[in-house]
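Everything numeric in this text was worked out from a predicted model, so none of it was measured.
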Amino acid sequence: MVQIRLTNTRTRRKEDLVPIDPANVRLYLCGPTVYDRAHLGNARPVLVFDLLVRLLRHEYGDGAVTYVRNFTDVDDKINAEAQRRKALGSPLSLEALVTERTEETIAWYHADMDALGAMRPDHEPRATEYIAQMIEMTRDLITRGHAYEAEGHVLFDVRSFPDYGKLSGRSVDDMIAGARVEVAPFKRDPMDFVLWKPSTDDLPGWDSPWGRGRPGWHIECSAMSAALLGPHFDIHGGGIDLQFPHHENEIAQSCCAHPGAGFANVWLHNEMLQVEGKKMSKSLGNFFTVRDLLDRGVPGEVIRFVMLSTHYRKPMDWTEAKARDAERHIEKWFFALVQAGYTRRMVEILKEGGVWTPMDAVVDALANDLNASGALAALHEFDLNGTAVQLAPFAASLDLLGFVSDWDEIASIARMGVSTVGEHPAHDRVAALLLDRQEAKRVKDFASADRIRKALEGVGIQVQDAPGGNYSFTLPADFDEAVLDKLDL
RNA sequence: GGUGGGUUGGCGGAGAGGUUACGCACCGGAUUGCAAAUCCGUGAAGACCGGUUCGAUUCCGGUACCCACCUCCA
């Protein structure tokens, strides 16, 4: 058994993970607000937690982990989209349009995260399914003196919770001093935040003791984690941008509603994603979704590789160079496995044979605060020349890291049929030119042979000789056949 | 202004108080008609200034620079 160590934001230290109940390790990840396609940054916490869950299942057993990730389906951006569709003349009700939008977004999210090899959580609660629990928790917080009603709103009283600000290392007084936000006049303290707010007739709403309204953002995670994991569980996480205010407010709500329970033992936060050294933003033109990358032909395994190559607590820079590098490694690894005879059936046989054990170096690296980069380094050092049995530790490591969703598909990812790209119309003409080259090589006219190859390389066609007088070539995906007419041969 | 984090070889990127990270690139060798690919191997670092220590890139303090959060963006 390997001791798993994680950096706990709450204590700012790397600590041994000691599960509350080793037979049921419980995690909660703050999931997406389902108003649009997931961008690349959204994928990072999902992959971090996916890796963590895989490691926990490996160490504690498949059935000994409960992983919850919510969908936030109450949100102004969702309402705005629903209202836009209504304005465009949709016959559906506003509630139906909201549901339509969230359903389609959730389906996209599932498809995109599946493509990255991220396992579905055990529970994926939606905020709209837990409104009753949120109302109950809000009422409870009022009863206990931690919340108050004002002008149709219910607000959490931060001064009633002395530990407020502890997670993010802020004091309420400091934050007020530097605050740039306009403060609603009915707040007792500028830092008080909304548990419940009123809805107008043109917005979704639910009946409550405080009138028709909707919940504040933070209360959903407190209510859903308590409902599915209990008031005290092991690990809670998300992007570092959620540390404040979202997680701070969750702690305040949950700890005040369940005094003495403890809430989450370990807080795990991943750093942000950048693109080519800059923050990803629509205004810089470097904003893209996971689907954009997949549609461009970047395999999910490659995206996963790049994500795992930087430690989760450091800012990660997505670059084209990294994607190319990752693709070469993935292809090389899968190629070696295909050559060793790896298929779904082969993996079953290896598992039955008791040799399906990941490399110690990989498990040790992951156990050390999810050092995925270190795990990849261990994989680089593995000798890929061997039989299926000899490669089993390597393959099981790839499996643990979540790189393989279907062993019968690895051949296509390794691009085994390198010589052609689909049914490109230029294929036969290029093949004819290369036949000339083969003839030139046969009669030792190397000058002509090299001229043909150089000419083809000049228009982007890579030609490689292989043993036995064979050759292969690769046509660029966007190859324009017309350039063949202008070749200088 | 407040809070948190970072600064490693040409580039990317880890761990560890003393022993090769690793990958890419480069260079040398093997192989090849030549390329490509592959295999083997060499070299190359720790922002700056102090302190602790027998010894620090790794711990502590300061300086500079960078980033994030403080705005319902993961």
At under 4.0 Å between heavy atoms, what does A:Leu29 touch on the DNA or RNA strands: base, sugar-phosphate, or nothing?
nothing
What's the gap between B:C24 and B:G13 when it is taken at their C1' atoms, as a whole Å value?
11 Å
How is A:His329 classified with respect to the nucleic acid when contacts are heavy atoms under 4.0 Å: base, sugar-phosphate, or nothing?
sugar-phosphate
What do the steps show when you test A:Asp202 against A:Thr200 for side chain to side chain donor-acceptor pair (under 3.5 Å), and what is the final call?
CA-CA 6 Å; A:Asp202 59 341; A:Thr200 51; 2.5 Å; yes
The nucleotide from B:C73, B:G23, B:G12 with an atom nearest the side chain of A:Asp241 is B:C73
A:Ser373 has a side chain; which of B:G15, B:U7, B:G13 sits nearest to it?
B:G13
Counting just side-chain N and O atoms, does A:Lys441 come under 4.0 Å of either OP1 or OP2 of B:C34?
no
What nucleotide among B:A16, B:C72, B:C69 has an atom nearest to a side-chain atom of A:Asp75?
B:C72
Using heavy atoms to find the nearest nucleotide of RNA chain B for A:Asp317 and A:Glu381 separately, return the residue whose nucleotide is more 5′.
A:Asp317
Answer yes or no: side-chain N or O of A:His39 and base N or O of B:A74 forming a donor-acceptor pair under 3.5 Å.
yes
Write down the distance between CH2 (A:Trp318) and P (B:G13), rounded to a whole number of angstrom.
13 Å
Measure from the side chain of A:Asn371, starting at C-beta and using heavy atoms only, and say which of B:C73, B:G33, B:A14 lies closest.
B:A14
Taking the P atom of each, how far is B:A36 from B:U31, in whole Å?
16 Å
Looking only at atom P, what distance separates B:C39 and B:G6, rounded to whole Å?
36 Å
With nearest nucleotides of RNA chain B determined for A:Arg5 and A:Pro45 from heavy-atom distances, which residue corresponds to the more 5′ nucleotide?
A:Arg5
Ignoring hydrogens and angles, are the base of B:C34 and the side chain of A:Arg453 linked by a donor-acceptor pair under 3.5 Å?
yes
Criterion side chain to side chain donor-acceptor pair (under 3.5 Å) on A:Tyr28 and A:Asn70, from CA distance to verdict
CA-CA 8 Å; A:Tyr28 188 97; A:Asn70 67 292; 3.3 Å; yes
Answer yes or no: are there more than 12 heavy-atom neighbours, outside A:Arg13 itself, under 6.0 Å from its atom CZ?
no
Out of B:C72, B:G4, B:C24, which nucleotide sits closest to the side chain of A:Arg12?
B:G4
Atom C1', compared across B:C22 and B:A16: separation rounded to whole Å
15 Å
Is the shortest side-chain N/O distance from A:Lys197 to OP1 or OP2 of B:C72 below 4.0 Å?
no
Quote, to the nearest angstrom, the C1' distance that separates B:U52 from B:G10.
35 Å
Integer-rounded Å distance: B:G23 C1' and A:Phe382 CZ:
18 Å
What nucleic acid atoms does A:Gly169 come within less than 4.0 Å of, heavy atoms only: base, sugar-phosphate, or nothing?
sugar-phosphate
When rounded to whole Å, the CZ to P distance for the pair A:Phe335 and B:U38 reads 11 Å
How far, in whole Å, is B:U63 from B:C72 if one measures between their C1' atoms?
38 Å
Looking at the side chain of A:Arg170, which of B:G13, B:G33, B:C69 is the nearest nucleotide?
B:C69
Distance below 4.0 Å between A:Lys314 side-chain N/O and B:U7 OP1 or OP2
yes
OP1 or OP2 of B:C73 versus the side-chain N and O atoms of A:Lys77: is any pair under 4.0 Å?
yes
Just to confirm, is there a sub-4.0 Å distance from OP1 or OP2 of B:G13 to any side-chain nitrogen or oxygen of A:Thr310?
yes
Round to a whole Å and report the spacing from CE of A:Met191 to C1' of B:C72.
13 Å
Within-4.5 Å side-chain heavy-atom neighbours: A:Arg188 and A:Leu155:
no
Measuring only the C1' atom in each nucleotide, how far is B:C11 from B:U3? A whole number of Å is fine.
33 Å
Which of B:C69, B:G15, B:A74 is nearest the side chain of A:Asn368? It is B:G15
Taking NZ from A:Lys454 and P from B:A36, how many angstroms apart are they, rounded to a whole number?
10 Å
If you apply the rule side chain to side chain contact (heavy atoms under 4.5 Å, CB included), what do you find for A:Val98 with A:Arg101, and how did you get there?
CA-CA 5 Å; A:Val98 165; A:Arg101 181 57 173 175; 5.9 Å; no
Tell me if the centroids of the rings in A:His236 and A:Phe263 come within less than 6.0 Å of each other.
yes
Tell me if the centroids of the rings in A:His146 and A:Phe161 come within less than 6.0 Å of each other.
no
Represent RNA chain B in dot-bracket notation, 5' to 3'. Only Watson-Crick or G-U wobble pairs with both distances under 3.5 Å count; pseudoknot-style crossings use [ ] and interstrand partners use |.
(((((((..(((.....[...)))..((((.......)))).....(((((..]....))))))))))))....
Between B:A45 and B:A21 - C1' atom distance, rounded Å
12 Å
Quick one: sort the A:His269 and A:Trp267 rings into parallel, tilted or perpendicular, breaks at 30° and 60°.
parallel
Do A:Phe394 and A:Trp333 make the cut of ring centroids closer than 6.0 angstrom?
yes
Winner on side-chain proximity to A:Phe244, out of B:G12, B:C69, B:A68, is B:C69
How many Å lie between CG on A:Leu434 and P on B:A35, as a whole number?
19 Å
A:His311 side-chain proximity, nearest of B:A74, B:G5, B:A14:
B:A14
Over how many whole Å does the gap from A:Leu376 atom CG to B:G13 atom P extend?
13 Å
Do we get A:Arg69 above A:Phe49's six-membered ring, with its NZ or CZ under 6.0 Å from the centre and within 45° of the axis?
no
Rounded to the Å, how far apart are A:Glu320 CD and B:G12 C1'?
15 Å
